[in-house]
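Worth knowing before you read on, the calculation uses all heavy atoms, side chains too, and leaves out hydrogens, waters and symmetry mates.
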Amino acid sequence: MPRYFFHFEGHQPHTDTTGEILAGDEAAWREAVRLSRDVEHALRPGDSWTLGVYEEDEPVFVLAMVTRRFR
């Protein structure tokens, strides 16, 4: 089974050096969505972040959140 790494970029970047062995891309997607829920409480107007999902060094998915404040 492949090892996936989850790297956050934004206000508080995090590089995943351990990774997680998962059954495949679908399982990695579910884990990425779960991780995005774990950080949503820290999101403020004007913030943005991305979560890059990699199998070893190959990109698989990118989740991006951008917020804008108009007032």
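L51 and Y54 fall into different hydrophobic clusters, defined by Ile, Leu, Val, Met, Phe, Trp and Tyr side-chain heavy atoms under 4.5 Å apart, directly or through other members. Hydrophobic clustering, with ILVMFWY side chains joined whenever heavy atoms are under 4.5 angstrom apart, keeps F6 apart from V62. Neither L43 nor V66 shares a network with the other; the hydrophobic side chains, linked directly or stepwise wherever heavy atoms of I, L, V, M, F, W or Y lie under 4.5 Å apart, form separate groups for each. M65 is connected to W29 through a chain of hydrophobic side-chain contacts under 4.5 Å among Ile, Leu, Val, Met, Phe, Trp and Tyr, so both are in one cluster.
Closest approach of L22 to M1, counting heavy atoms only: O-CB, 3.5 Å. Of all the heavy atoms in G46 and T67, the pair that sits closest is N-OG1, 2.8 Å. The two atoms that bring A23 and P2 nearest to each other are O-CD, 4.3 Å, heavy atoms only. When all heavy atoms are compared, the tightest approach of R69 to P45 is CB-CB, 3.9 Å.
Within 6.0 Å of the CD atom in E31, the count of heavy atoms belonging to other residues, nucleotides or ligands exceeds 12. Atom CZ of R68 has 12 or fewer heavy atoms from other residues, nucleotides or ligands within 6.0 Å.
Remark: R3 CZ to E20 CD distance equals 9.0 Å, nearest 0.5 Å.
In this view, R37 satisfies the salt bridge (Lys or Arg N to Asp or Glu O under 4.0 Å) rule with no residue, not counting sequence neighbours.
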Might you work through the side chain to side chain contact (heavy atoms under 4.5 Å, CB included) test for L35 and F8, ending with a clear yes or no?
CA-CA 10 Å; L35 286 170; F8 280 97; 4.2 Å; yes
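Relative orientation of the F5 and H7 rings is parallel, given thresholds of 30° and 60° on the angle between their planes.
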